[in-house]
Amino acid sequence: MKITILAVGKIKEKFFTDAVGEYSRRLSRYCSLEIREVADEATPDKASPAMQALILEREGERLIRVLDRFPGACVIALAIDGKGYDSIGFSDYLSRLQVQGCSHLVFVIGGSLGLSMRVLDRAHERVSFSRMTFPHQLMRVILLEQVYRAMRIAHGEPYHK
């Protein structure tokens with residue numbers, strides 16, 4: 001299975017970079033992992049709703065251009081209003097996708113304002129890891145840890161409960 005994480009913005013803090021590197025290394029025995037980034041837009045404090053919509057659209061266009069390079073991939077948008085899973089349910093979900101013939105998963109992580117409606121509509125499913133909002137840099141680490149946990153569960157290997 002191939003997994004691509006498509007994210008808005010770069011990781012700036014070393015501790016996030018280290019964590020992404022560690023989970024990427026761990027996942028290498030279960031899947032082919034690629035992390036792609038698109039540029040984020042500067043979001044001014046107290047940006048108007050019109051400015052926020054413009055920022056979402058610009059970031060969304062960049063994401064769609066990358067998604068267009070992956071025809072046939074199963075696109076999963078990370079969104080607060082998405083479907084929630086526990087770890088076993090998430091593992092089962094990923095396993096079901098594989099059985100259904102999805103050999104390439106693309107997880108999409110938005111920027112500080114989230115994802116544009118165009119990107120959300122492009123996704124096959126929306127998944128939520130919490131009703132809370134997380135910094136998009138931290139969300140990469142959370143996603144990688146949960147994918148790693150899901151792979152261990154699917155392979156019958158021990159994991160922390």
Side-chain angles (χ1 to χ4, degrees), residues 1-13 15-38 40 56 59-60 62-64 66-161:
M1 170 176 272
K2 179 175 181 177
I3 295 177
T4 299
I5 297 178
L6 176 57
V8 173
K10 293 189 179 298
I11 291 184
K12 298 170 182 114
E13 288 85 2
F15 53 90
F16 286 138
T17 303
D18 290 346
V20 166
E22 177 63 22
Y23 283 109
S24 297
R25 183 189 62 74
R26 292 182 187 189
L27 277 166
S28 67
R29 64 184 278 228
Y30 301 104
C31 65
S32 168
L33 177 69
E34 175 185 24
I35 299 175
R36 291 192 153 204
E37 299 171 334
V38 300
D40 57 347
L56 279 172
E59 291 175 348
R62 292 182 190 120
L63 292 168
I64 293 292
V66 176
L67 289 173
D68 285 345
R69 297 180 193 153
F70 303 127
C74 297
V75 178
I76 302 166
L78 301 191
I80 288 176
D81 67 346
K83 182 170 179 169
Y85 293 97
D86 61 18
S87 294
I88 292 172
F90 186 61
S91 178
D92 291 344
Y93 168 65
L94 296 184
S95 294
R96 268 193 323 274
L97 290 175
Q98 277 189 289
V99 168
Q100 294 168 358
C102 184
S103 60
H104 185 190
L105 299 177
V106 180
F107 290 95
V108 185
I109 302 173
S112 61
L113 297 175
L115 293 166
S116 71
M117 193 52 70
R118 189 169 164 217
V119 173
L120 291 170
D121 289 343
R122 173 75 183 272
H124 296 93
E125 182 156 4
R126 298 177 192 182
V127 171
S128 174
F129 283 86
S130 173
R131 308 294 302 158
M132 295 179 182
T133 302
F134 296 107
H136 58 279
Q137 296 178 27
L138 177 58
M139 195 60 233
R140 281 194 226 182
V141 177
I142 293 169
L143 172 61
L144 286 167
E145 189 280 333
Q146 285 299 306
V147 169
Y148 173 68
R149 183 181 298 263
M151 295 293 182
R152 294 198 44 104
I153 292 168
H155 285 84
E157 298 169 357
Y159 66 99
H160 294 304
K161 293 183 181 184

What is the minimum heavy-atom distance between [X] and [Y], and which atoms define it?
X      : Y      : result
Ala79  : Leu120 : CB-CD2, 4.0 Å
Leu56  : Gly114 : CD2-O, 3.6 Å
Met151 : Ile3   : CE-CD1, 3.8 Å
Ile80  : Arg131 : O-NH1, 2.8 Å
Thr4   : His104 : OG1-NE2, 2.7 Å
Leu67  : Arg122 : O-NH2, 3.3 Å

- Item | Verdict with reasoning, Val141 to Val20, per side chain to side chain contact (heavy atoms under 4.5 Å, CB included) | CA-CA 6 Å; Val141 177; Val20 166; 3.9 Å; yes
- Message: Within 45 degrees of the ring normal and closer than 6.0 Å to the centroid, is that where the cationic atom of Arg96 sits relative to Tyr93?
- Response: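 Output no; distance or angle outside limits.
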- Message: Closer than 3.5 angstrom, by distance alone: can the side chain of Ser32 be matched with the main-chain N or O of Ser28 as a donor-acceptor pair?
- Response: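 Checking the backbone N and O of Ser28 against the side chain of Ser32, no donor-acceptor pair under 3.5 Å is found.
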- Whether Ser91 side chain and Ser87 backbone form a donor-acceptor pair below 3.5 Å: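 Checked: no pair found.
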- Item | Criterion side chain to side chain contact (heavy atoms under 4.5 Å, CB included) on Tyr30 and Arg152, from CA distance to verdict | CA-CA 9 Å; Tyr30 301 104; Arg152 294 198 44 104; 3.6 Å; yes
- Evaluate the criterion side chain to side chain contact (heavy atoms under 4.5 Å, CB included) for residue pair Leu144 and Tyr148; output intermediate values, then yes/no. CA-CA 6 Å; Leu144 286 167; Tyr148 173 68; over 6 Å; no
- Task: Report the C-alpha distance between Val147 and Ile5 in whole Å, list the side-chain angles of each, state the deciding distance to 0.1 Å, and finish with yes or no for side chain to side chain contact (heavy atoms under 4.5 Å, CB included).
- Result: CA-CA 11 Å; Val147 169; Ile5 297 178; over 6 Å; no
- With Phe16 via ring pair (Phe, Tyr, Trp, His ring centres under 6.0 Å) - residues at least two apart: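 Phe16 satisfies ring pair (Phe, Tyr, Trp, His ring centres under 6.0 Å) with no residue once adjacent residues are dropped.
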- All ring pair (Phe, Tyr, Trp, His ring centres under 6.0 Å) counterparts of Phe107, not counting sequence neighbours: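 None.
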Could you measure the distance from the [atom1] atom of [X] to the [atom2] atom of [Y]? Nearest 0.5 Å is fine.
X      : Y      : atom1 : atom2 : result
Arg149 : Arg26  : CZ    : CZ    : 10.0 Å
Phe90  : Ile153 : CZ    : CD1   : 10.0 Å
Ile76  : Glu125 : CD1   : CD    : 7.0 Å
Glu34  : Ser24  : CD    : OG    : 11.5 Å
Asp40  : His136 : CG    : NE2   : 5.5 Å

- Could you verify whether a donor N or O on one side chain and an acceptor N or O on the other, from Tyr85 and Gln146, lie under 3.5 Å apart?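 Per modelled atom types, Tyr85 and Gln146 side chains form no pair under 3.5 Å.
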- Item | Results of salt bridge (Lys or Arg N to Asp or Glu O under 4.0 Å) for Glu37 - residues two or more places apart only |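 For Glu37, the residues satisfying salt bridge (Lys or Arg N to Asp or Glu O under 4.0 Å) (neighbours in sequence not counted) are Lys10, Arg140.
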- Task: Measure the shortest side-chain to side-chain distance between Ile142 and Glu145 over non-hydrogen atoms and say whether it is less than 4.5 angstrom.
- Result: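 They are not in side-chain contact.
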- Message: Filter on salt bridge (charged side-chain N to carboxylate O under 4.0 Å, His left out), then keep only pairs touching residues 69-90, sequence neighbours left out; what's left?
- Response: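 Matches after skipping sequence neighbours: Asp81-Arg126.
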- Message: Restricting to disulfide (SG to SG under 2.5 Å), what partner residues turn up for Cys102, sequence neighbours left out?
- Response: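 Cys74.
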- Lys/Arg-Asp/Glu bridge criterion (N-O < 4.0 Å) met for Glu22, Arg25: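 Salt bridge: yes.
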- Message: Strictly by side chain to side chain donor-acceptor pair (under 3.5 Å), give each pair with a member in residues 107-121 just once, sequence neighbours left out.
- Response: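 Found none.
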